Amino acid sequence: GQNIDQPTEMTATEGAIVQINCTYQTSGFNGLFWYQQHAGEAPTFLSYNVLDGLEEKGRFSSFLSRSKGYSYLLLKELQMKDSASYLCAVRRGKTSYDKVIFGPGTSLSVIP
Amino acid sequence: EPEVTQTPSHQVTQMGQEVILRCVPISNHLYFYWYRQILGQKVEFLVSFYNNEISEKSEIFDDQFSVERPDGSNFTLKIRSTKLEDSAMYFCASSEARGPAYNEQFFGPGTRLTVL
């Protein structure tokens with residue numbers, strides 16, 4: 001089976017840094033995604049990690065530890081528009097079939 | 001910038017009716033997916049499709065569901081006899097072939113299905 005856990009809600013201040021954690025248990029791990037989803041909209045891709053370590057992309061960074069089944073998304077210089085749900089998703093399997101299992105999402109509120 | 005499109009944006013149907021949700025993936029993409037998201041819940045994988053056949057499907061994707069790529073551009077999801085619990089947002093996604101770019105799935109804007 002598989003299980004993905006994220007905090008349900010987080011609040012952070014504009015201009016600050018926030019870290020959103022994700023833990024997972026799954027067989028056949030083949031990569032972890034972070035997506036952003038604004039209310040009523042489709043998920044949009046933020047990052048992908050398949051090897052251990054930190055991937056940096058502008059204000060967003062994502063970290064993966066496969067041995068710990070742990071990832072985090074780091075958002076720097078928070079802006080009001082960053083208020084959204086952040087979805088951790090795990091890809092299973094060694095083929096191109098790309099089954100991606102989503103976590104429940106973390107609703108981030110950025111306050112002035 | 002290329003994008004995945006979906007029609008209609010909102011579909012209302014009576015329980016027991018058949019619905020077809022349509023998607024046009026990004027033109028050079030080879031892998032296609034359907035997901036659903038019940039209001040307030042997580043995104044759930046339904047099915048992946050490659051080379052004109054289903055690659056993988058979830059337990060949600062039962063005999064009431066089918067997918068088709070009827071021509072070179074469209075990718076459809078059919079629900080044969082809708083149930084109340086099929087009410088959800090349905091997202092289509094596509095991705096390129098193997099390689100770093102393959103890792104990103106591009107999502108369409110979704111079709112909100114309401115079953116009455």
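What you are looking at is a predicted structure, and each value in this text was computed from that prediction instead of being measured. Proteins get letters first, then strands, A, B, ... in listed order; numbering begins at 1 in each.
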Inset, instruction - Give the minimum heavy-atom separation between B/P109 and A/A42, together with the two atoms involved. - result: CA-CB, 4.2 Å

Inset, instruction - Flag yes if B/I54 and B/F75 sit in one hydrophobic cluster, no otherwise; membership is Ile, Leu, Val, Met, Phe, Trp, Tyr, and two members link when side-chain heavy atoms are under 4.5 Å apart. - result: yes

Legend entry - Residue part contacting chain A, namely of B/Q37, when any heavy atom lies under 4.5 Å: side chain

Inset, instruction - Following the transitive rule for hydrophobic clusters with a side-chain heavy-atom cut-off under 4.5 Å over Ile, Leu, Val, Met, Phe, Trp and Tyr, establish whether A/V90 and A/L87 coincide in one cluster. - result: no

Inset, instruction - Specify the closest pair of heavy atoms between A/V100 and B/Y35, including all atoms of both residues, with the distance to one decimal. - result: CB-OH, 3.5 Å

Legend entry - Between OG1 on residue A/T44 and CD on residue B/Q105, distance to nearest 0.5 Å: 13.0 Å

Legend entry - Same apolar cluster (I L V M F W Y, side chains within < 4.5 Å links), A/Y48/B/Y31: yes

Inset, instruction - Can you establish whether the number of heavy atoms outside B/L84 located under 6.0 Å from its atom CG is more than 12? - result: yes

Inset, instruction - Look at the side-chain heavy atoms of Ile, Leu, Val, Met, Phe, Trp and Tyr, link any pair under 4.5 Å apart, and say whether A/L73 and A/V18 land in one connected group. - result: yes

Legend entry - From CD (A/Q37) to CZ (B/F91), nearest 0.5 Å: 5.0 Å

